Amino acid sequence: MNNELVVFVNVRRTHLERGAVFEAAHRLGYGVALLADAVPEGLPRGIVRTVVRLDTRDEAAVHAAVDEIAAEHRIAAVLGWSERDVTTVSGIAQRLGLPGVSPGAARLARNKYLMREAVAEHHPHLVPRFARVTDWSDLSRAVELVGFPAVLKPTSSSGSRGIFVIDGPAGLRPAFDRLMDLTATTETRHELIYEEFLHGTEHSVEGFVHCGQIHVVGVIDKRTTEPFRLELAHLHPSALPADRLDAVHRLTADVVSALGLDDCAFHLECMVAPDGGVRLVEIGARGGGDFIASHLVGLATGRSFVENAIRVATGRPPLDAAGPPLWACVRKILTDRVGTLTGYAGLDDACRVPGVRHLVIEQPVGAEITQPPVDFKSCILGAVITVGDSAEAAEGSAEQAAALVRADIS
């Protein structure tokens with residue numbers, strides 16, 4: 001048995017995403033050591049050799065656990081799969097002398113205000129007007145600088161949680177009060193960003209930086225809900241015309257350089273305006289969630305994104321796509337109702353739609369379902385993942401399957 005391990009700091013919330021990263025490590029010949037705040041059920045014990053439950057925000061406890069693992073195994077890499085773990089992973093990698101994003105770059109990538117400051121220093125046209133907000137007086141000054149419409153959101157959130165679109169003065173106080181509550185226990189306590197509302201289409205860029213070289217593996221078209229901008233669908237590859245794609249690639253290179261990202265995966269989000277201008281929304285020094293890294297990119301390109309992420313974390317370059325692309329789509333299953341989830345119908349019919357590869361249910365029967373801004377998670381019931389030989393085929397299958405799933409909520 002290979003004694004080399006990769007250390008994972010936490011894993012994604014669904015069994016489908018977790019399985020993808022464990023299996024990727026196994027295919028590359030590594031076992032896994034898992035450091036986790038909560039240990040999920042059903043871990044593949046032939047792959048996950050060591051499990052340590054601890055507070056992964058406790059730096060001393062994390063380093064002590066890593067030292068114990070290193071005393072018995074050779075650690076080949078350390079990776080995280082969610083935004084909150086980027087700085088922890090960076091600190092472990094630096095301490096062990098492993099490839100990984102530097103702590104300084106990780107800090108910039110984790111904080112949307114610092115991120116914008118770093119990019120604006122050399123490329124001010126790539127970011128919206130913005131201001132940091134920690135109290136009501138800050139917000140008043142930010143409104144004078146940025147105006148309306150605008151977006152108010154936490155500086156350290158992910159997954160479109162806590163995004164408020166502000167159309168005028170009446171929306172300021174409710175959004176501010178709710179976000180102060182939401183951020184009371186976060187690492188950037190009571191820190192928000194108020195920024196210009198960007199018009200256009202939303203996209204993400206998935207890729208890697210290895211030894212200073214950027215490898216973009218895909219640009220994705222994204223759809224969100226209104227007014228809280230929950231992510232509804234992702235389609236790979238993008239339908240953007242060549243000149244807009246070129247602009248997205250240039251923005252990606254400029255942002256990666258400005259933040260000093262290297263030896264890591266990245267997930268960049270941007271807006272393309274009707275006039276073709278491209279501006280940054282945010283970038284994470286890790287793979288995308290919402291099944292983007294775990295499934296979407298691999299289904300479209302024939303090359304596992306998470307395997308490439310592990311390759312980069314072990315100091316090897318990522319591999320190129322395996323052939324001509326297919327189209328892959330992730331479509332969330334959302335509800336606009338409030339109450340107790342008592343059951344599902346239509347799951348069998350949804351699974352039989354041609355092109356459906358996965359149907360994931362995230363909310364169990366008995367769950368209490370609420371809506372933003374009270375809660376930003378429970379209204380997302382699950383997701384459908386599809387593949388097609390055209391964008392229309394992949395999207396059509398995803399829409400058809402999602403429409404067939406019915407939730408009973410009372």
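Remember, predicted model here, so these are calculated numbers, not experimental data.
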### Message
In the structure I gave you, are the side-chain heavy atoms of Leu5 and Arg49 within less than 4.5 Å of one another anywhere?
### Response
yes

### Task
Give, for atom CD of Glu282 and atom CD of Glu269, the distance between the pair rounded to the nearest 0.5 Å.
4.5 Å

### Query
Is the backbone N or O of Leu114 less than 3.5 Å from a side-chain atom of Asn111, with the two atoms forming a donor-acceptor pair by type?
yes

### Message
Does Ile69 form a side-chain contact (heavy atoms from CB on, under 4.5 Å) with Leu35? I'd like the steps, not just the answer.
### Response
CA-CA 10 Å; Ile69 295 168; Leu35 309 182; 3.9 Å; yes

### Task
Check for a donor-acceptor pair, side chain of Arg18 on one end and backbone N or O of Arg13 on the other, with a separation under 3.5 Å.
yes

#### Entry: Test item: Arg132 side-chain N/O and Ile193 main-chain N/O as donor-acceptor pair under 3.5 Å
no

### Summary
Output for pair (Leu268 CG, Ile220 CD1), nearest 0.5 Å, gives 11.5 Å

Name each donor-acceptor pair under 3.5 Å that joins a side chain in residues 394-406 to protein atoms two or more places apart or in another chain, with its distance.
unit_1 : atom_1 : unit_2 : atom_2 : d
Ser397 : OG     : Pro354 : O      : 2.6
Ser397 : OG     : Ala393 : O      : 3.1
Glu399 : OE1    : Arg331 : NE     : 3.3
Glu399 : OE1    : Arg331 : NH2    : 3.3
Glu399 : OE2    : Arg223 : NH2    : 2.4
Glu399 : OE2    : Arg331 : NE     : 2.9
Arg406 : NH1    : Leu404 : O      : 3.3

### Query
So which heavy atom on His215 is nearest to which on Gln213, and how close?
CD2-O, 3.3 Å

### Message
side-chain contact (heavy atoms from CB on, under 4.5 Å), that's the test. Do Ile292 and His267 meet it? Break it down for me.
### Response
CA-CA 9 Å; Ile292 291 172; His267 169 73; 4.0 Å; yes

### Query
Would you call Lys332 and Glu231 a salt bridge, taking side-chain N to carboxylate O under 4.0 Å as the test?
no

### Query
Take atom NE2 in His73; do more than 12 heavy atoms of anything else shown fall under 6.0 Å from it?
yes

### Message
Working note: Ile310 + Val6, criterion side-chain contact (heavy atoms from CB on, under 4.5 Å); need CA distance, chi angles, decisive distance, verdict.
### Response
CA-CA 8 Å; Ile310 295 170; Val6 291; 4.2 Å; yes

#### Entry: Test item: Val217 and Arg303 side chains (from C-beta on) under 4.5 Å apart, heavy atoms
no

#### Entry: salt bridge (charged side-chain N to carboxylate O under 4.0 Å, His left out) partners for Arg129, two or more places apart
Glu196

### Task
Would you confirm whether Asp37, through its side chain, and Arg53, through its main-chain N or O, come within 3.5 Å as a donor-acceptor pair?
no

### Message
I need the Leu341 CG to Ser378 OG distance, nearest 0.5 Å.
### Response
10.0 Å

### With sequence neighbours excluded, residues passing side chain to side chain contact (heavy atoms under 4.5 Å, CB included) with Arg250
Asp246, Ala247

### Task
Using distance alone, with no hydrogens and no angle criterion, decide if Thr134 and Glu191 have a side-chain donor and acceptor under 3.5 Å apart.
no

### Task
For the residue pair Asp254 and Leu126, establish whether any side-chain heavy-atom pair is separated by less than 4.5 Å.
yes

### Message
Just by distance, no angles: are the side chains of Asp221 and His234 close enough, under 3.5 Å, to form a donor-acceptor pair?
### Response
no

### Query
Which value, rounded to the nearest 0.5 Å, describes the distance between Ile385 atom CD1 and Leu296 atom CG?
7.5 Å

#### Entry: Nearest heavy atoms of Gly289 and Arg286, plus distance in Å
N-NH1, 3.7 Å

### Query
Hey, is the main chain of Cys270 close enough, under 3.5 Å, to the side chain of Arg279 for a donor-acceptor pair?
no

### Query
CG of Asp181: more than 12 outside heavy atoms within 6.0 angstrom?
yes

### Task
With the side chain counted from C-beta on, respond yes when Leu359 and Ile333 share a heavy-atom pair under 4.5 Å apart, and no when they do not.
yes

### Query
Is it true that Glu195 and Arg116 make a salt bridge, defined as a side-chain N closer than 4.0 Å to a carboxylate O?
yes

### Summary
One should read off an interatomic distance between Ile409 CD1 and Thr335 OG1, to the nearest 0.5 angstrom, of 3.5 Å

### Message
To check you understand the geometry: which heavy-atom pair defines the closest contact between Gly302 and Ala322, and what is its length?
### Response
O-CB, 3.5 Å

### Message
With no hydrogens and no angle check, just 3.5 Å: does a side-chain donor-acceptor pair link His203 and Thr201?
### Response
yes

## Note on the structure
d(Leu79 CG, Leu98 CG) to nearest 0.5 Å is 10.0 Å

### Message
So Leu179 and Val133, do their side chains get closer than 4.5 Å, heavy atoms only?
### Response
no

#### Entry: Centroid separation Phe130 to Tyr194 less than 6.0 Å
no

### Message
Walk me through whether Leu251 and Val248 qualify under side-chain contact (heavy atoms from CB on, under 4.5 Å).
### Response
CA-CA 5 Å; Leu251 172 137; Val248 169; 5.7 Å; no

### Task
Determine whether Leu259 and Ile283 make a side-chain contact, defined as any pair of heavy atoms from C-beta on separated by less than 4.5 Å.
yes

### Query
Does the Arg110 side chain pair with the main chain of Val86, one donor and one acceptor, at a distance under 3.5 Å?
no

#### Entry: Residue list, salt bridge (charged side-chain N to carboxylate O under 4.0 Å, His left out) with Arg12, at least two apart or on another chain
Glu17

### Message
Do Val21 and Ser294 make a side-chain contact, defined as non-hydrogen atoms from C-beta onward lying under 4.5 Å apart?
### Response
no

### Task
Name all residues meeting the salt bridge (charged side-chain N to carboxylate O under 4.0 Å, His left out) criterion together with Asp349; count only those two or more places apart in sequence or in a different chain, and write none if there are none.
Arg352

## Note on the structure
Smallest heavy-atom separation, Asp262 atom then Cys211 atom, equals OD1-N, 3.2 Å

### Message
Do Ser156 and Arg84 pair up side chain to side chain, a donor and an acceptor below 3.5 Å, judged on atom types alone?
### Response
no

### Message
Side chains of Thr88 and Glu59: any donor to acceptor distance under 3.5 Å?
### Response
no

### Message
Ignoring hydrogens, what is the shortest heavy-atom contact between Val89 and Gly80? Give both atom names and the distance.
### Response
CG2-N, 3.4 Å

### Query
Do any N or O atoms from the side chain of Asp263 and from the backbone of His210 form a donor-acceptor pair under 3.5 angstrom?
no

### Message
For a quick check under 3.5 Å, do Thr314 and Arg316 share a side-chain donor-acceptor pair by atom type?
### Response
yes

### Query
How far apart are the closest heavy atoms of Leu182 and Gly162, and which atoms are they?
CD1-CA, 4.3 Å

### Query
Among pairs that include at least one residue of residues 162-173, which meet side-chain hydrogen bond (donor to acceptor under 3.5 Å, both in side chains), considering only residues two or more places apart or in two chains?
Arg173-Asp177

### Task
Starting from the C-alpha separation in whole Å, work towards a yes-or-no answer on side-chain hydrogen bond (donor to acceptor under 3.5 Å, both in side chains) for Glu202 and Thr224.
CA-CA 8 Å; Glu202 297 190 45; Thr224 59; 3.1 Å; yes

### Query
Do other residues, nucleotides or ligands put more than 12 heavy atoms under 6.0 Å from Asp389 CG?
no

### Task
Report yes if some heavy atom in the side chain of Ile369 is under 4.5 Å from a heavy atom in the side chain of Arg337; otherwise report no.
no

### Query
Does Phe266 have its ring centroid less than 6.0 Å away from the ring centroid of Phe208?
no

